[in-house]
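What follows is a set of notes on a single structure, which appears directly below.
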Amino acid sequence: QGQLIESGGGLEPAGGSLRLSCVASGRSFNAYTMGWFRQAPGKERDFVAAITQNGGSTFYADSVKGRFTISRDNAENTVYLQMNNLAPEDTATYYCAVYVRSSSLYYTRSYSYWGQGTEVTVSS
């Protein structure tokens, strides 16, 4: 079956940095494109970033371009999200997931195996 486990969230002041990790357990997802999404309280879950199977291509939401970097270590079955220059509007629960459907990379319905999420709070 397999599951994803996110970690690395926390409380940071504006301008700070965090690195989120997403570890696959129970099976490997190395053959899949992986994505990060985030959901702020009372809002929809939005696309943040995605990375192809071998890490050759990455995709970002406009709101995080130049500040966030997605990467993966297939030997460790782990996907990372390095977040720099954090802003209060980055406050959300961050989720990783597996891209399993041939529809838009930016839609939540294209993904499965959602993790439980890790909370990020950025203070102003």
Side-chain angles (χ1 to χ4, degrees):
Q1 253 181 329
Q3 61 177 343
L4 300 174
I5 302 171
E6 302 96 334
S7 63
L11 174 63
E12 280 289 313
S17 297
L18 283 172
R19 188 175 82 154
L20 307 184
S21 298
C22 170
V23 180
S25 175
R27 63 165 289 181
S28 170
F29 294 109
N30 292 345
Y32 292 85
T33 291
M34 301 290 293
W36 283 97
F37 285 72
R38 66 185 181 186
Q39 187 167 19
K43 296 192 175 181
E44 294 186 350
R45 192 169 297 188
D46 292 329
F47 173 82
V48 175
I51 186 167
T52 53
Q53 296 90 320
N54 61 0
S57 295
T58 56
F59 307 85
Y60 296 95
D62 288 343
S63 59
V64 306
K65 277 181 186 174
R67 300 188 299 123
F68 290 11
T69 302
I70 188 171
S71 61
R72 66 191 300 165
D73 182 344
N74 286 340
E76 297 293 329
N77 293 315
T78 302
V79 178
Y80 301 99
L81 186 67
Q82 177 67 43
M83 306 188 297
N84 297 330
N85 193 21
L86 285 162
E89 51 265 35
D90 296 319
T91 294
T93 300
Y94 284 71
Y95 300 88
C96 65
V98 183
Y99 178 67
V100 297
R101 298 182 181 89
S102 57
S103 54
S104 174
L105 204 61
Y106 302 92
Y107 294 162
T108 56
R109 64 173 178 262
S110 301
Y111 292 80
S112 186
Y113 297 96
W114 293 89
Q116 84 290 346
T118 185
E119 290 191 11
V120 172
T121 303
V122 184
S123 61
S124 57

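There is a path of hydrophobic side-chain contacts, each under 4.5 Å, that joins Val122 to Phe68. Under the 4.5 Å side-chain heavy-atom criterion for Ile, Leu, Val, Met, Phe, Trp and Tyr, Tyr32 and Ile51 are members of the same hydrophobic cluster. Residues Leu81 and Val64 share a single hydrophobic cluster, defined by chaining ILVMFWY side chains whose heavy atoms lie under 4.5 Å apart. No path of Ile, Leu, Val, Met, Phe, Trp and Tyr side chains, each step under 4.5 Å between heavy atoms, connects Ile5 with Ile70, placing them in separate hydrophobic clusters. Under the 4.5 Å side-chain heavy-atom criterion for grouping Ile, Leu, Val, Met, Phe, Trp and Tyr, Val98 is connected to Val48 within one hydrophobic cluster.
Between Phe59 and Thr33, every side-chain heavy-atom pair lies at or beyond the 4.5 Å cut-off. In this structure, the side chains of Val79 and Cys96 stay at 4.5 Å or more apart for every pair of heavy atoms.
The minimum heavy-atom distance linking Trp114 with Thr108 is given by the pair CZ2-O, 3.6 Å. When all heavy atoms of Glu12 and Leu18 are compared, the pair lying nearest together is CG-CG, 3.5 Å. When every heavy atom of Arg67 is checked against every heavy atom of Asn85, the shortest pair comes out as NH1-O, 3.0 Å. Contact detail for Ser124 and Ala14: the closest heavy-atom pair is CA-CB, 4.4 Å. Minimum heavy-atom separation, Trp36 to Cys22: CZ2-CB, 3.6 Å. When all heavy atoms of Ser123 and Pro13 are compared, the pair lying nearest together is OG-CA, 3.4 Å.
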Show, in sequence, the C-alpha distance, side-chain angles and deciding distance for Gln39 and Tyr95, and conclude whether the side chain to side chain contact (heavy atoms under 4.5 Å, CB included) test is met. CA-CA 8 Å; Gln39 187 167 19; Tyr95 300 88; 4.1 Å; yes
Take Gln82 and Ser17, measure what side chain to side chain contact (heavy atoms under 4.5 Å, CB included) needs, and give me the verdict at the end. CA-CA 8 Å; Gln82 177 67 43; Ser17 297; 4.0 Å; yes
Could you go through the side chain to side chain contact (heavy atoms under 4.5 Å, CB included) check for Val120 and Met83 one step at a time? CA-CA 10 Å; Val120 172; Met83 306 188 297; 3.8 Å; yes
For Arg27 and Tyr113: C-alpha separation, side-chain torsions, deciding distance, then whether side chain to side chain contact (heavy atoms under 4.5 Å, CB included) applies. CA-CA 11 Å; Arg27 63 165 289 181; Tyr113 297 96; 3.2 Å; yes
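Without hydrogens or angle criteria, Tyr107 side chain to Tyr111 main chain gives no donor-acceptor distance under 3.5 Å. Judged purely by atom type and a 3.5 angstrom limit, Gln1 has no side-chain atom pairing as donor or acceptor with the backbone of Gly26. Not a single donor-acceptor pair under 3.5 Å links the side chain of Arg45 to the backbone N or O of Phe37. Checking side-chain atoms of Asn74 against main-chain N and O of Gln53 turns up a donor-acceptor pair under 3.5 Å. Although no hydrogens or angles enter the test, the distance criterion places no donor-acceptor pair under 3.5 Å between the side chain of Thr121 and the main chain of Thr91. Checking side-chain atoms of Tyr99 against main-chain N and O of Arg101 turns up a donor-acceptor pair under 3.5 Å.
Counting heavy-atom neighbours within 6.0 Å of Tyr60 OH, excluding the residue itself, gives a total above 12. Within a 6.0 Å radius of CD in Gln116, more than 12 heavy atoms belonging to other residues, nucleotides or ligands are found.
A cation-pi contact, defined as under 6.0 Å to the ring centre and within 45° of the axis, links Arg19 to Tyr80.
We find the OG1-NZ distance between Thr58 and Lys65 to be 10.0 Å, quoted to the nearest 0.5 Å. One finds the OG1 atom of Thr93 at 11.5 Å from the CZ atom of Arg38 (value rounded to the nearest 0.5 Å).
Considering Asp73, Asn54, Asn77 as possible partners of Asn30, the one that fulfils the side chain to side chain donor-acceptor pair (under 3.5 Å) test is Asn77.
A donor-acceptor contact closer than 3.5 angstrom is absent between the side chains of Ser21 and Ser7.
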